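Worksheet: one structure, shown below.
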Amino acid sequence: MQYRRVLLKLSGEALAGEDGYGINAEMLERYAEEVKEARDMGAEVALVIGGGNIFRGVSDAAKNMDRVQADYMGMLATVINSIAFQDALERAGVYTRLQTAIKMEQMAEPFIRRRAIRHLEKGRVVIFGAGTGNPYFTTDTAASLRAIEIEADVIVKGTRVDGIYDSDPEKNPAAEFFPKISYLDVIRKNLRVMDMTAITLCRENTLPIVVMNMNEKGNLTRLIKGEEVGSLVHA
């Protein structure tokens, strides 16, 4: 395998599917099956899931709210998604652990780096919830931070499109596709791969990012095997 330890970042909107909000059971099971296949082939998989399908701290619904309070609500939304994904994985026969940046002992372990790594070594899928535990930081930044902490080989950002484009390919059929691009070019071109804090973290720690279509069956396992899937952001 080209990538032994992988951190998969999924948006909350991905779990909503065509519903546009909430959690779509079909999408949940489809993504859980993709993760199961990767784990069964020997990869160590960790997950960070956004909360935009439930609540986002910078959304219109939060425009009159205190930013810190709104961000904490967004963190709780990521925990709801994480619990749902944990349930889907365990119904598929995958052992999991949920760790949160905010203590919720009745539902999850607190995030402890060494414990997370040990779970991965034992073949468990580890889900990181509640972002970084701090307001003003996105789940993209949380994914980068956790990936660095657990010494992941790559961050995989699962999207609805095939990789990185200079504009939205769903709106612009002539959008230019980048199979490979550097961290600096992502910043210079202001491409919305991840937020700038997340990109900077990955750049400083030379952690590659792969952006790919998570809705295409088998993409995750193909990537782990070393096939060229999606777009690679590298040094």
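Being a predicted model, the structure only gives us computed values, none of them experimental.
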Begin from the C-alpha positions of M41 and T221 and carry the test side-chain contact (heavy atoms from CB on, under 4.5 Å) through to its verdict. CA-CA 8 Å; M41 66 182 284; T221 52; 3.7 Å; yes
Are the side chain of S231 and the backbone of G163 linked by a donor-acceptor contact shorter than 3.5 Å? no
Is any side-chain heavy atom of I224 less than 4.5 Å from a side-chain heavy atom of Q2? no
Heavy-atom pair with the smallest gap, counting every atom of I155 and S144: CD1-CA, 3.5 Å
Could you walk me through whether E151 and R113 pass the side-chain contact (heavy atoms from CB on, under 4.5 Å) check? CA-CA 10 Å; E151 300 174 1; R113 174 181 173 269; 3.1 Å; yes
Go through the steps for E18 and M27 under the test side-chain contact (heavy atoms from CB on, under 4.5 Å), then give the verdict. CA-CA 9 Å; E18 294 181 358; M27 297 303 298; over 6 Å; no
Find out whether F128 and L47 are in side-chain contact, i.e. whether some heavy atom of one side chain is under 4.5 Å from a heavy atom of the other. no
Do T138 side-chain atoms and T141 backbone N/O form a donor-acceptor pair below 3.5 Å? yes
Distance, nearest 0.5 Å, that separates CD1 of I83 from CD1 of I127: 9.5 Å
Just how far is it from atom CG of N172 to atom OG of S167, taken to the nearest 0.5 Å? 3.5 Å
Quick check on E121: does its CD atom have over 12 non-hydrogen neighbours (other residues, nucleotides or ligands) under 6.0 Å away? yes
Determine, stepwise, if the pair E33 / K36 fulfils salt bridge (charged side-chain N to carboxylate O under 4.0 Å, His left out). CA-CA 5 Å; E33 187 59 35; K36 181 180 186 297; 5.1 Å; no
Are N215 and Y31 close enough that a side-chain donor and a side-chain acceptor fall under 3.5 Å? yes
Are the side chains of M1 and K225 in contact, using a 4.5 Å heavy-atom criterion? no
Considering only NZ, NE, NH1 and NH2 on the basic side and carboxylate oxygens on the acidic side, decide whether E44 and R39 come within less than 4.0 Å. no
D153 side chain vs R4 backbone, donor-acceptor pair below 3.5 Å: yes
Assigning hydrophobic clusters by single linkage (Ile, Leu, Val, Met, Phe, Trp, Tyr; side-chain heavy-atom cutoff under 4.5 Å), is V233 placed with M214? no
Check this for me: F137, atom CZ, are more than 12 non-hydrogen atoms of other residues, nucleotides or ligands nearer than 6.0 Å? no
Heavy-atom pair of closest approach, residues Y72 and P135: OH-CD, 3.8 Å
Flag the pair D185 / R188 as yes when at least one side-chain heavy-atom distance between them is below 4.5 Å, and no otherwise. yes
Could you tell me whether E170 and R160 make a salt bridge, using a distance below 4.0 angstrom between a side-chain N and a carboxylate O? yes
To the nearest 0.5 Å, how far apart are OG1 in T139 and CE in M75? 10.5 Å
Between the side chain of D19 and the main-chain N/O of Y21, is any donor-acceptor distance below 3.5 Å? no
Under 4.5 Å between side-chain heavy atoms, hopping through other hydrophobics if needed: is there a path connecting F111 to M104? no
For residues N213 and N219, is any side-chain donor paired with an opposing acceptor at under 3.5 Å? no
Within the 4.5 Å heavy-atom criterion, are R115 and H119 side-chain neighbours or not? yes
All heavy atoms of G50 vs all of N81, minimum pair found to be O-ND2, 2.7 Å
When hydrophobic residues are tied together by side-chain contacts of less than 4.5 Å, even through go-betweens, does Y3 share a cluster with V48? no
Value for CG (D166) from CG (N190), rounded to nearest 0.5 Å, stands at 12.0 Å
Can you give each donor-acceptor pair under 3.5 Å made by side-chain atoms of residues 196-206, sequence neighbours left out, with the distance rounded to 0.1 Å?
from	atom 1	to	atom 2	distance (Å)
T200	OG1	M196	O	2.7
N205	ND2	L201	O	2.8

Any chain of hydrophobic side-chain contacts (each under 4.5 Å) joining Y95 to L7? no
Tell me which one of T159, V211, D140 satisfies side-chain contact (heavy atoms from CB on, under 4.5 Å) with K9. D140
Measuring from K122:NZ to R97:CZ, what's the distance to the nearest 0.5 Å? 8.0 Å
The residue among E228, E37, E216 that forms salt bridge (charged side-chain N to carboxylate O under 4.0 Å, His left out) with R222 is E216
Min side-chain heavy-atom separation I102-V79 under 4.5 Å: no
Around atom CD of E26, are there more than 12 heavy atoms from other residues, nucleotides or ligands closer than 6.0 Å? no
Backbone of G129 reached by a side-chain donor or acceptor of T78 within 3.5 Å: no
So, for A88 and A32, which heavy atoms are closest and what is the spacing to 0.1 Å? CB-CB, 3.9 Å
Heavy-atom side-chain contact between H234 and I181 under 4.5 Å: no
Tell me, do L76 and I80 make a side-chain contact under 4.5 Å, heavy atoms counted? no
Are the side chain of T100 and the backbone N or O of K103 linked by a donor-acceptor pair below 3.5 Å? no
Checking N53 side chain against G22 main chain: does a donor-acceptor pair fall under 3.5 Å? yes
To the nearest 0.5 Å, tell me how far E34 CD sits from L8 CG. 9.5 Å
According to a 4.5 Å side-chain heavy-atom criterion applied to Ile, Leu, Val, Met, Phe, Trp and Tyr, with indirect links allowed, do L15 and V94 form part of one hydrophobic cluster? yes
Where the side chain of R5 meets the backbone of I150, is there a donor-acceptor pair that is under 3.5 Å apart? yes
If you link I, L, V, M, F, W and Y whenever their side-chain heavy atoms are under 4.5 Å apart, who else ends up in the same group as F177? V161, Y165
Closest contact, heavy atoms only, T96 versus E90: OG1-OE2, 2.8 Å
Okay, side chain of R192, backbone of D168: is any donor-acceptor separation there less than 3.5 Å? no
Are any side-chain N or O atoms of D71 and backbone N or O atoms of Y136, one a donor and one an acceptor, separated by less than 3.5 Å? yes
List the atom of M194, the atom of I209, and the distance in Å for their closest heavy-atom pair. SD-CD1, 3.9 Å
